[in-house]
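Provided herewith is a single structure, encoded as structure tokens, for subsequent inquiry.
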Amino acid sequence: MLERINETASYISKYFSKAPEIGIILGTGLGGLVREITVEKEIPYSELPHFPTSSVEGHAGKLIIGTLAGKPVVAMQGRIHYYEGWSMKDVTYPIRVMKFLGIKLLVLSNAAGGLNPDYKVGDIMMIRDHINLFPEHPLRGENDNSLGPRFPDMSEVYQETFRTLAQQIAKVNDIKLHEGVYAGVSGPTFETPAEYHWLRVIGGDAVGMSTVPEAIVAAHMRLNLLAFSIITDMGIVGQIEKVSHEEVQRAAMATEPILTKILKQIITAI
Ligand code: HPA
């Protein structure tokens, strides 16, 4: 695996004038951030050696190299989802590559169903912790000790120092930023009312179909991580309405400018 990661990373690093400090996955809710990036180079995933390519609607597949708020960044436009059929190794491969490119902080975003009754559609939840409910673990199998330990610590996957900074920035901008637990499920089905209820009982504040595999691999490599969920629908028994991909996209788009604003200021501040 090491050799493959090195090959992908060295292919990409040809295009950098300066190593990236921050890696961003432009998931649902951060798509518009691409307009804030001063682009140096765009590389379609299909051009990158060993890189999986994304197909799901609303997720183009290219790597963007440039600067954001004056800082060198690498951004993935288009995420690789487990429900598309990729293996966990594929889903998390880009995280390994970004680490090898030299990033010090990874930023993830997603759309999620709200489980906490204090939340409403359009709110932003910063992930404080997660519950992994995926049926396959990204670190299962032989461990490469040069990448990370066999049994990684998971006590602070989303570091408090970065969360505190994000909260300070949200406060200055008068933006309500919830902090909660993200339950990661495989999808592609949305949840039944009984499943939403169960996810709340076990401690979830929001549920979605991404982020957890990437977060586990980031923790494996001791990469700092900040992650945000946009609440696009409510999974609270009594408030559950039919949900579709289109509605999720629409609700996420409406909140996108707010999340973009916070993130730009976070990047400026670090
Ligand atoms: N459940 C799972 N994933 C989601 C949801 C949901 O309600 N909304 C957006 N992504």
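We count ligands from 1, going down the list as the structure has it; atoms in each ligand are counted the same way. All values derive from a computational prediction rather than experimental measurement.
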### Task
Output the distance between atom CD1 (Ile43) and atom CG (Leu63), rounded to the nearest 0.5 Å.
5.5 Å
Pairs of donor and acceptor atoms involving the side chains of residues 215-230, under 3.5 Å and at least two apart or interchain, shall be tabulated with distances.
{"from": "His220", "atom 1": "ND1", "to": "Arg96", "atom 2": "NH1", "distance (Å)": "3.0"}
{"from": "His220", "atom 1": "ND1", "to": "Arg96", "atom 2": "NH2", "distance (Å)": "3.1"}
{"from": "His220", "atom 1": "NE2", "to": "Asn143", "atom 2": "OD1", "distance (Å)": "2.9"}
{"from": "His220", "atom 1": "NE2", "to": "Gly148", "atom 2": "O", "distance (Å)": "3.4"}
{"from": "His220", "atom 1": "NE2", "to": "Pro149", "atom 2": "O", "distance (Å)": "3.1"}
{"from": "Asn224", "atom 1": "ND2", "to": "Lys104", "atom 2": "O", "distance (Å)": "3.3"}
{"from": "Ser229", "atom 1": "OG", "to": "Asn110", "atom 2": "OD1", "distance (Å)": "2.7"}

### Query
Do Lys62 and Glu42 meet the salt-bridge criterion of a basic N to acidic O distance under 4.0 Å?
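Salt bridge flag = yes for Lys62 with Glu42.
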### Query
Which heavy atom in Asp233 sits nearest to a heavy atom in Val121, and how many Å separate them?
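For Asp233 and Val121, the tightest heavy-atom pair comes out as CA-CG2, 3.8 Å.
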For residues 14-25, please give each side-chain donor-acceptor pair under 3.5 Å, one per line with the distance, not counting sequence neighbours.
{"from": "Ser17", "atom 1": "OG", "to": "Glu40", "atom 2": "OE1", "distance (Å)": "3.4"}
{"from": "Ser17", "atom 1": "OG", "to": "Glu40", "atom 2": "OE2", "distance (Å)": "3.4"}

### Query
By side chain to side chain donor-acceptor pair (under 3.5 Å), which residues pair with His137, not counting sequence neighbours?
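Testing His137 for side chain to side chain donor-acceptor pair (under 3.5 Å), a comparison that skips the adjacent residues, returns none.
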#### Entry: Within the 4.0 Å heavy-atom sphere of ligand 1, strictly under, residues
Ala111, Ala112, Gly113, Phe190, Glu191, Tyr196, Val207, Gly208, Met209, Thr232, Asp233, Val248
